[in-house]
Amino acid sequence: MNKNGPFALLFNALVISFMLAPILVVCVIAFTPENTLTIHGPQLSLRWFKAVFEYPDFVSSFWNSLWLGLSAATISTAIAVPAGMALIRYPNRWSGLLQGLFLSPLIIPHLVLGVALLRLFTLVGGAGSFGWLILAHALIVTPYTMRLVMSALIGFDRSAEQAAQSLGASKTTVFLRITLPMILPGITGGWLLAFINSFDEVTMSIFVTSPSTVTLPVRMYMYATESIDPMMAAVSALMVAITAGAMIILDRVYGLDRVLVGRS
């Protein structure tokens, strides 16, 4: 901040304000006591937050999104850790191709993935299954976990592992007591980032969900096509709060600068 002049700071402040203004407006509207999307002066009400918890479709969709995010993030982490270690520690001529394959969901539009997965699930008889929905989300969030796991492994000092092996420790013991604790911040950060992206995913989920597995973002999209009232703002405010809380945890555990910028 000390390196920036007053005009640069003012410009940054204006850009940040422009980006946050819609979110702040939605959060303020969520506390309105009126039946329309209006800002009602200084009067605040929790009426619409109460309505959200009394609306069974939103509640069930929230639990679907929660369990879906937890499962997809865990599966993606279980895939990313061994895959990342293999790519970083045992490079070969296929490493670049495999790395690109694991990270390819980042560059493929989720609309295309949704249509492709819908066709695939229909062919294998898995359309509408919550298990297949978990696998679909694990597919699109694995690149986020992979990136952080590989980042933690790059520059990893293996002297502690070599010392443990020289003292007779098995490979399993070395991994569980040396390697895993040292890369745990990257694994935890990747898991949290995968959970956030799975919880907020809507484009691909529209194609692969069924009436019994509708996620919260999809439910919000469906509700918005039928009615727009402050309850949508209340749900949005709750999602903003959940996402912000997860990002704060991610920042404390791993550091947002390491996730977004790659700074070590």
Side-chain angles (χ1 to χ4, degrees), residues 57-84 87 98-151 186-224 235-236 238-247 249-250 253-254 259-260:
D57 289 339
F58 276 133
V59 175
S60 61
S61 297
F62 169 79
W63 288 113
N64 285 340
S65 289
L66 180 63
W67 294 120
L68 178 62
L70 293 173
S71 302
T74 302
I75 292 175
S76 68
T77 303
I79 296 173
V81 172
L87 291 174
L98 292 174
Q99 183 175 341
L101 179 63
F102 278 111
L103 300 181
S104 60
L106 288 175
I107 61 175
I108 300 176
H110 288 191
L111 177 64
V112 176
L113 283 175
V115 174
L117 290 173
L118 174 62
R119 179 60 177 165
L120 173 64
F121 294 167
T122 302
L123 290 175
V124 300
S129 170
F130 192 72
W132 285 99
L133 180 60
I134 291 175
L135 294 179
H137 274 241
L139 171 68
I140 63 174
V141 300
T142 295
Y144 300 97
T145 314
M146 278 283 296
R147 186 177 185 277
L148 267 70
V149 170
M150 294 176 67
S151 176
I187 296 175
T188 305
W191 186 94
L192 287 172
L193 197 59
F195 172 79
I196 293 171
N197 281 273
S198 175
F199 192 91
D200 290 341
E201 170 59 34
V202 59
T203 305
M204 184 270 293
S205 298
I206 291 177
F207 293 91
V208 294
T209 56
S210 66
S212 61
T213 61
V214 173
T215 61
L216 183 58
V218 175
R219 179 69 66 185
M220 293 175 64
Y221 174 81
M222 296 168 59
Y223 187 85
V235 177
S236 301
L238 290 173
M239 290 193 67
V240 169
I242 293 173
T243 304
M247 294 299 289
I249 296 174
L250 177 60
V253 172
Y254 194 73
V259 176
L260 302 178

> Has the side chain of S151 got a donor or acceptor atom that lies under 3.5 Å from a matching backbone atom of R147?
no
> For the CZ atom on F130, are there more than 12 heavy atoms of other groups (residues, nucleotides or ligands in this structure) within a distance under 6.0 Å?
yes
> Would you say the side-chain atoms of S198 pair up with the backbone N or O of A194, donor to acceptor, closer than 3.5 Å?
no
> Quick one: are W67 and T215 in side-chain contact, heavy atoms under 4.5 Å?
no
> L216 and F199: side chain to side chain contact (heavy atoms under 4.5 Å, CB included), yes or no, with the steps?
CA-CA 8 Å; L216 183 58; F199 192 91; 4.2 Å; yes
> Does any part of the side chain of Y144, heavy atoms only, come nearer than 4.5 Å to the side chain of L106, both counted from C-beta?
yes
> Judged by modelled atom types alone, do E201 and H137 share a side-chain donor-acceptor pair under 3.5 Å?
no
> For I140 and N197, what are the C-alpha separation, side-chain angles and deciding distance, and is it a side chain to side chain contact (heavy atoms under 4.5 Å, CB included)?
CA-CA 9 Å; I140 63 174; N197 281 273; over 6 Å; no
> Only one of T74, L68, L66, T145 forms a side chain to side chain contact (heavy atoms under 4.5 Å, CB included) with F195, so which one is it?
L66
> Would a distance-only check, ignoring hydrogens and angles, find a side-chain to backbone donor-acceptor pair under 3.5 Å from Q99 to L101?
no
> Check whether any side-chain N or O of S65 sits under 3.5 Å from a backbone N or O of F62 as a donor-acceptor pair, and report yes or no.
no
> Under the 3.5 angstrom rule, does the side chain of T142 hit a backbone N or O of A138 as a donor-acceptor pair?
yes
> Determine whether D200 and M239 satisfy the following criterion, side chain to side chain contact (heavy atoms under 4.5 Å, CB included), listing intermediate values before the conclusion.
CA-CA 8 Å; D200 290 341; M239 290 193 67; 3.4 Å; yes
> So, the side chain of S60 versus the backbone of D57: is there a donor-acceptor pair under 3.5 Å, distance only?
yes
> Is the shortest heavy-atom distance from the side chain of I79 to the side chain of F102 under 4.5 Å?
yes
> Step by step, would you call L113 with F207 a side chain to side chain contact (heavy atoms under 4.5 Å, CB included)?
CA-CA 9 Å; L113 283 175; F207 293 91; over 6 Å; no
